[in-house]
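For reference, the structure is listed below as structure tokens.
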Amino acid sequence: DRYTSLARLSPDSFMAIRMDGTMDIVQWTGSDLIPIRRDFSGKRVLSTAVDRKRGILVGTDQGLWFSTDLGRTWQEIALEP
């Protein structure tokens, strides 16, 4: 259960990608990372980006997803072939 990358979402929360390609939203307590929730079970996260307004874009092996509420909800982005 090791993380390969972290991206800051707020002063104390991060998007954390695991070695198996799943993603957690975690909170930093000052001494430890506490998982708040796991997203994209059954999908492999391939890339991520966070914009200045804290929008999150996640590319998975099964599509592209966007969140505007720090990862609480996700909307799939339809890609034209």
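Any value given below was found using the heavy atoms of this structure, including those in side chains, with hydrogens, waters and symmetry copies removed. Keep in mind the model is a prediction, meaning the values are calculated, not measured.
- Both L9 and M23 are members of a single hydrophobic cluster when ILVMFWY side chains are connected at heavy-atom separations under 4.5 Å.
- Checked by atom type and distance alone, the side chain of D61 pairs as donor or acceptor with a backbone atom of R44 at under 3.5 Å.
- Connection of I25 to V50 is established within a shared hydrophobic cluster, with ILVMFWY side chains joined at heavy-atom distances below 4.5 Å, either directly or through further cluster members.
- Looking only at side-chain heavy atoms (C-beta outward), L57 and I77 come within less than 4.5 Å of each other.
- I56 and L6 are members of different hydrophobic clusters when ILVMFWY side chains are connected at heavy-atom separations under 4.5 Å.
- With hydrogens and angles ignored, the 3.5 Å screen pairs no side-chain donor or acceptor of Q62 with any backbone N or O of F40.
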Kindly list each side-chain donor-acceptor pair under 3.5 angstrom involving residues 63-71, sequence neighbours excluded, with atom names and distances?
residue: S67; atom: OG; partner: D69; partner atom: N; Å: 3.3
residue: S67; atom: OG; partner: D69; partner atom: OD1; Å: 2.8
residue: S67; atom: OG; partner: G71; partner atom: N; Å: 2.9
residue: S67; atom: OG; partner: T73; partner atom: O; Å: 2.9
residue: D69; atom: OD1; partner: R72; partner atom: N; Å: 3.1
residue: D69; atom: OD1; partner: T73; partner atom: N; Å: 3.0
residue: D69; atom: OD1; partner: T73; partner atom: OG1; Å: 3.4
residue: D69; atom: OD2; partner: T73; partner atom: N; Å: 3.4
residue: D69; atom: OD2; partner: T73; partner atom: OG1; Å: 2.7

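- Placement of I17 and V26 in two distinct hydrophobic clusters is found when ILVMFWY residues are connected by side-chain heavy-atom separations under 4.5 Å, directly or transitively.
- For T4 against R18, the heavy-atom pair with the smallest separation is OG1-O, 4.1 Å.
- R2 CZ to D20 CG: the interatomic distance, rounded to the nearest 0.5 Å, is 13.5 Å.
- In this structure the side chain of K43 never reaches within 4.5 angstrom of the side chain of V58, judged on heavy atoms.
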